[in-house]
Amino acid sequence: MKSILHLIGSIALISVLIISCEKSDDTGINLQFKGETSSLKAKTTGGTYDFTEALMGLSEIEIEMEMEDDDNGTETEIEYDYEGNYTVDLLAGTSDPKIGFSEFEPGTYNEVEAEIEPILDGGTKSIIIKGTLTDAEEVVTEFEFSTSEEIEIEIESEIGFYLDEGTIIDMVVTFDLDMLFDGVDMTNAERNESDVVIINDTTNSDLAAIIKSNIESCADLEEDDDDDDDDDD
């Protein structure tokens, strides 16, 4: 089964897809965060990106079920709150430790929240992205972006996704790394002694602000109208 829930951010930065489910003795969710590059280059001002590292630190994940009593209109919430330091490798689509939860109540879940916090690099950075940018003249610029910003990602759906008893589902949250750099122009950016463009909260901070704005503009997602509800066994 796939495409039970499909959410897309306003600039296609973040998307969410439940790709499969399998029978199990437990009831739960395997949650994966991964980065991808798109062919949507029109919005980027830099050219073609090649990413060599993309890390994200997560400190808390919440998964919530909201149920409404039709008889009296009251709502009941069941929330699972997981705390811990998760180092997510967006290029590999992996995390340390693995993000997987069991012992859930069966039912329809409507919301997933994730806290991005500075747990990387000795507790000083929340996101680290490195790579190269090749412009139209084939000039290659090496760059490193990092931030200590705390960012909350909130994914909501009125329809939600149903978690059946004895089922483990695989949910993938995808970040479009190209679109993360939408509007970032490194032409006149400050470079270090190794000719690398460093983008962080103190160096080339104007570019860092654009990247963080791109993240925050899509960090609160609601259900997209164009859901793909086809099932594949």
Side-chain angles (χ1 to χ4, degrees), residues 2-3 6-17 19 32-58 87-96 114 116 118 120-121 124-149 151 153 155 171-221 224 226 228:
K2 60 183 178 180
S3 299
H6 193 190
L7 307 179
I8 303 177
S10 60
I11 60 170
L13 174 60
I14 304 174
S15 63
V16 182
L17 185 65
I19 58 173
Q32 180 185 13
F33 293 83
K34 64 182 296 187
E36 65 178 17
T37 57
S38 74
S39 59
L40 301 177
K41 306 295 184 180
K43 284 191 175 182
T44 62
T45 59
T48 303
Y49 288 94
D50 181 23
F51 299 96
T52 57
E53 182 176 87
L55 302 177
M56 182 173 66
L58 297 181
T87 299
V88 177
D89 185 332
L90 292 172
L91 298 184
T94 59
S95 65
D96 183 19
I116 303 175
L120 307 174
D121 201 17
T124 62
K125 299 174 182 177
S126 55
I127 299 175
I128 301 172
I129 299 177
K130 300 179 182 180
T132 59
L133 169 65
T134 304
D135 65 16
E137 284 71 40
E138 300 298 320
V139 175
V140 178
T141 299
E142 186 177 355
F143 66 88
E144 296 181 9
F145 165 74
S146 65
T147 181
S148 60
E149 193 89 4
I151 301 170
I153 300 173
I155 302 163
M171 175 184 289
V172 180
V173 180
T174 301
F175 291 78
D176 189 319
L177 298 177
D178 283 339
M179 299 306 294
L180 188 70
F181 287 80
D182 179 34
V184 174
D185 186 353
M186 302 185 197
T187 305
N188 299 312
E190 180 181 344
R191 300 167 184 254
N192 66 8
E193 63 277 3
S194 300
D195 203 32
V196 178
V197 174
I198 304 298
I199 306 173
N200 56 36
D201 300 326
T202 57
T203 304
N204 293 308
S205 57
D206 56 332
L207 301 184
I210 294 173
I211 297 170
K212 289 185 288 185
S213 177
N214 286 342
I215 299 173
E216 291 168 356
S217 67
C218 287
D220 188 1
L221 302 185
D224 184 84
D226 186 17
D228 179 1

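Only a predicted model underlies this, so the values are computations on that prediction, with no experimental measurement involved. The figures that follow rest on heavy atoms only: side chains count, while hydrogens, waters and symmetry mates do not.
In this structure the side chain of Thr52 never reaches within 4.5 angstrom of the side chain of Thr132, judged on heavy atoms. Side-chain contact between Leu58 and Phe33 is present, with at least one heavy-atom pair separated by less than 4.5 Å. By the 4.5 Å heavy-atom criterion applied to side chains, Val88 and Ser95 are counted as neighbours. Inter-residue side-chain proximity for Asp89 and Leu55 is flagged as met; some heavy-atom pair is nearer than 4.5 Å.
The CZ atom of Phe181 sits 5.0 Å away from the CD1 atom of Ile129 when rounded to the nearest 0.5 Å. Atoms CG and CD, on Asp176 and Glu36 in that order, are 6.0 Å from each other to the nearest 0.5 Å. For the atom pair CD1 (Ile153) and CE (Met56), the distance works out to 5.5 Å, reported to the nearest 0.5 Å. With rounding to the nearest 0.5 Å, the separation of CD1 in Ile210 from CG in Leu180 is 11.5 Å. Interatomic distance, Leu177 CG to Leu91 CG, rounded to the nearest 0.5 Å: 6.5 Å. Here the CD-CG distance, from Gln32 to Leu90, works out to 10.0 Å after rounding to the nearest 0.5 Å.
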Kindly determine whether Ile116 and Ile127 satisfy side-chain contact (heavy atoms from CB on, under 4.5 Å), including the steps that lead there. CA-CA 8 Å; Ile116 303 175; Ile127 299 175; 3.9 Å; yes

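Contact detail for Ala208 and Asn200: the closest heavy-atom pair is CB-O, 3.2 Å. In terms of heavy atoms, Val184 sits closest to Tyr49 at O-OH, 4.0 Å.
Applying side-chain contact (heavy atoms from CB on, under 4.5 Å) to Glu190 and the options Ile198, Ile199, Val197, Thr203 leaves one that passes, Thr203.
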Side-chain donor-acceptor contacts of residues 136-149 below 3.5 Å, not counting sequence neighbours, with atom names and distances?
residue	atom	partner	partner atom	Å
Thr147	OG1	Glu149	N	3.0
Thr147	OG1	Asp201	OD1	3.3
Ser148	OG	Asp201	OD2	3.0

